[in-house]
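Input: a single structure, listed below in structure tokens.
Each ligand, and each atom within it, is numbered from 1 in the order the structure gives.
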Amino acid sequence: MNQVATRNEKVKHGAEDAGRYFRYMAEFVGFTQAHADAIKESRYIIEKHIPDIVAQFYTNLLDYAPTRKLFLKKDNTIDQDYLQLRMHHLGNFWRRTASGVYDDDYARFVDYVGRAHTSHGADPNIYIPERYVIGQVGLVQHAIAEALHKELDQVDPDLASRASKAWNMLMMVILEMLARAYNDEHGGKADHAPMTISREAVRQLAVATYERDLGLYRSIEHKDLVVARAADIPEGERKVVQVDGLSIGVFHHKGNWYALRNSCLHRGGPVATGCLEGDILACPWHGYQYNVTNGELLLDPNAKLTMYPVEVRDGDVRLRVPFMVMDSPAVLLNQPSQAPAGQPLLKENEFRVSDVQPGRVKLVHLDSQRVAVYNVGGHLYATQEECTHADGPLSEGEFKGKTIICPWHDSCFDVTNGQVLEGPATQPLKTFRVIAEGDIARVE
Ligand code: HEM
């Protein structure tokens, strides 16, 4: 709980004057209620362009090594899940900014976002040099001007001009709000050559994230699943279950049942395993707090953990989970979607031996189960990917000799037999057979 209190203090500290500071800057650049109204009037146009703006934003960050490194996994491939989390937050940020409402809450929100990029944010290990934030504000400013120009010049040139002016002023205020978080923190060099990232892949991911946030799936099917006996989850208890690769926390709380996605909106932490006091659930990683009864993030009620319908029937706890059918961008960022010429396409439980060099780990799937494959001195081993303690993703953990260390709570396992070497985990990992034929191997 200490961690939670400290973080909340931090979030409050410095944010109290955010509204006053925002108004001061707004007045200084000449931003009035009429400008806010112009932004509100054109909000749907900007909303339509948010996926493209988010895509441009991350394409730029992924093109440059110093910003790209924030989105890489240990094996140097892009962490697509984390990137989607960030896309989700950024889409929210611009949607809220386009709403035309700039009250104290909004000002505190921008102030807090500014600090998220500095060592004063929730994660003190994250530090984004100010120059990149400034650059990204410029990029978005340009993208918004382009969108207004393209959509409105012919049909409503008056609104195009009013909204463009208003956005330009607002961006200056936002820039100052984000920049003031840095105080005197400056450092590093600015001499990095750009790299290249597939623009189309980033665009598809941004569109998919936005569509998912707005509930615009191409089609949704549902599965009803029995996940426990009600008697197994007494009042005040919870159970974390895995459904199609989704981790979901099922809570029996004050006589009601709630099911929430077990992935904190901040960094994907195992929020459902966190401390629950009253209705407030705190993620064990950085203390992000949610209302367990509706999934709302306390800091920004627009941001919610996904909730799933859950009920008890005939003593069974039944969960209704959506099964989303969409053109998945899963893909795209790290692996070619097509096999290279002359090479066979791989099934979900297959992989190339050459892709798992000694000392490396790879994630594959067997039916819907996640399996981690390890190379120990040229020999391949496979275990379940979820840690037996709190479902931490072992394929993202540190791998030394034949020991994998869970990235969440540091449980250690021997990957050759699944045995626990060090807790908190107490149960061994399930192991799988690996069969290699030439460069293609599979788990069974
Ligand atoms: C226009 C400039 C920017 C805006 C509006 C923006 C917006 C945001 C928002 C809304 C959050 C979520 C805060 C939270 O709830 O945790 C965030 C966090 C984050 N942003 Fe940005 N961002 C900007 C620039 C950048 C840049 C240049 C980078 C460089 C890589 C970056 C990387 C990150 C990272 C890594 C986090 C997570 C911080 C944490 O885990 O505590 N952002 N940003």
Residues in side chain to side chain donor-acceptor pair (under 3.5 Å) with E151, at least two apart? K48, H49
Sequence neighbours left out, what pairs pass salt bridge (Lys or Arg N to Asp or Glu O under 4.0 Å) with at least one residue falling in residues 18-36? D17-R20, R23-D104
Can you give me a line-by-line list of nitrogen or oxygen pairs between ligand 1 and the protein shorter than 3.5 Å?
residue, atom, partner, partner atom, Å
ligand 1, 15 (O), Y112, OH, 2.9
ligand 1, 16 (O), Y112, OH, 3.3
ligand 1, 16 (O), Y288, OH, 3.0
ligand 1, 20 (N), H117, NE2, 2.9
ligand 1, 22 (N), H117, NE2, 2.9
ligand 1, 40 (O), H266, NE2, 2.7
ligand 1, 41 (O), H266, NE2, 2.8
ligand 1, 42 (N), H117, NE2, 2.9
ligand 1, 43 (N), H117, NE2, 2.8

Partners of A36 by side-chain contact (heavy atoms from CB on, under 4.5 Å), sequence neighbours excluded? F31, Q33, Y102
Taking the side chain as everything from C-beta on, heavy atoms only, tell me whether T97 gets closer than 4.5 Å to W167. yes
Taking all heavy atoms of F22 and all of A107, pick out the closest pair and write down the distance. CB-CB, 3.7 Å
Expected output: side-chain H35 to main-chain T32 donor-acceptor under 3.5 Å: yes
